[in-house]
Amino acid sequence: QVQLVESGGGLVQAGTSLTLSCIASGRIFNSYTMAWFRQPPGKEREFVAVDGWRGGSSSYADSVKGRFTISRDNAKNTVFLQMNSLKPEDTAVYYCAATFGLYSTNRNEYNSWGQGTQVTVSS
């Protein structure tokens with residue numbers, strides 16, 4: 001497992017942008033698939049975006065496709081979520097997650113989680 005710490009959440013207006021960051025511990029960061037999930041108020045945690053290990057492909061939930069971009073800086077053990085054109089329905093606690101050697105959009109496949117960062121989008 002790795003230790004994950006998210007940052008960058010906040011209160012923003014609809015239509016604006018926000019970038020979340022997640023710093024991971026460990027020396028083999030590029031061997032982990034990194035993902036972002038979110039949990040809207042009163043709902044279950046849902047997949048947002050994933051970036052495959054060792055340069056694998058990325059994929060996105062349909063609800064954020066074209067607006068959100070996941071990227072990573074392996075030298076800094078950091079994964080980012082660039083969120084553009086934010087909507088009120090993007091309001092949620094956003095979690096960074098990691099899994100070793102797999103590629104998955106299923107939250108049950110991830111065994112390392114950050115503490116979450118709140119994103120609130122006002123209309």
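The first residue of the sequence shown is numbered 1, and numbering continues consecutively from there.
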key: Within 6.0 Å of CG in Leu102, more than 12 heavy atoms from elsewhere   = yes
ask   = Can you find a heavy atom in the side chain of Trp36 that is under 4.5 Å from one in the side chain of Asp51?
value = no
message = Using the salt bridge (charged side-chain N to carboxylate O under 4.0 Å, His left out) criterion, which residues pair with Glu89? Sequence neighbours excluded.
response = none
inquiry  = Apply side chain to side chain contact (heavy atoms under 4.5 Å, CB included) to residues Ser59 and Thr105 and explain how you reach the verdict.
reply    = CA-CA 8 Å; Ser59 63; Thr105 62; 4.0 Å; yes
ask   = What residue among Phe37, Tyr110, Tyr60 forms side-chain contact (heavy atoms from CB on, under 4.5 Å) with Val50?
value = Tyr110
ask   = Between CD of Gln39 and OH of Tyr94, what distance do you get to the nearest 0.5 Å?
value = 12.0 Å
Which atom of Gln118 lies closest to which atom of Thr120, heavy atoms considered = NE2-OG1, 3.3 Å
ask   = Is it the case that more than 12 heavy atoms not belonging to Gln115 sit under 6.0 Å from its CD atom?
value = yes
query = Is there side-chain contact between Arg45 and Arg38, with heavy atoms separated by less than 4.5 Å?
reply = no
key: Glu6 vs Tyr95 side-chain heavy atoms within contact, under 4.5 Å   = yes
message = Go through it in stages, so that I can follow the logic: the residues are Asp62 and Lys65, the test is salt bridge (charged side-chain N to carboxylate O under 4.0 Å, His left out), and I'd like the CA-CA distance, side-chain angles, deciding distance and then a yes or no.
response = CA-CA 5 Å; Asp62 288 342; Lys65 201 172 295 184; 3.1 Å; yes
key: salt_bridge(Glu46, Arg107) N-O dist < 4.0 Å   = no
query = Any side-chain heavy atom of Phe47 within less than 4.5 Å of one from Ser104?
reply = no
task = Please tell me if the side chains of Arg72 and Asn77 come closer than 4.5 Å, counting only heavy atoms from C-beta onward.
result = no
query = Got a second to check how far Thr99's OG1 is from Glu109's CD, nearest 0.5 Å?
reply = 6.5 Å
request  = Could you tell me which residues satisfy side-chain contact (heavy atoms from CB on, under 4.5 Å) with Ala98, sequence neighbours excluded, listed by chain and number?
outcome  = Val2, Leu4, Tyr32, Met34, Ser112
inquiry  = I want to check something: taking the side chain as every heavy atom from C-beta on, are Val48 and Leu81 in contact at a cut-off of under 4.5 Å?
reply    = yes
Shortest non-hydrogen contact between Ala14 and Ser123, atoms and distance = CB-CA, 4.3 Å
request  = Using the rule that two of Ile, Leu, Val, Met, Phe, Trp, Tyr join whenever any of their side-chain heavy atoms come within less than 4.5 Å, decide whether Val119 and Ile23 are in one cluster.
outcome  = no
Would you give me the side-chain donor-acceptor pairs under 3.5 Å for residues 15-22, sequence neighbours excluded?
| from | atom 1 | to | atom 2 | distance (Å) |
| --- | --- | --- | --- | --- |
| Thr16 | OG1 | Gln13 | O | 2.6 |
| Ser17 | OG | Asn84 | OD1 | 2.9 |
| Thr19 | OG1 | Gln82 | OE1 | 2.4 |

query = With a 4.5 Å heavy-atom cut-off, do Val79 and Ile70 have their side chains touching?
reply = yes
request  = Provide the closest heavy-atom pair for Ser58 versus Tyr103 in the form atom of the first, atom of the second, distance.
outcome  = C-OH, 3.5 Å
query = Under 3.5 Å, side chain of Gln1 to main-chain N/O of Asn111, donor-acceptor pair present?
reply = yes
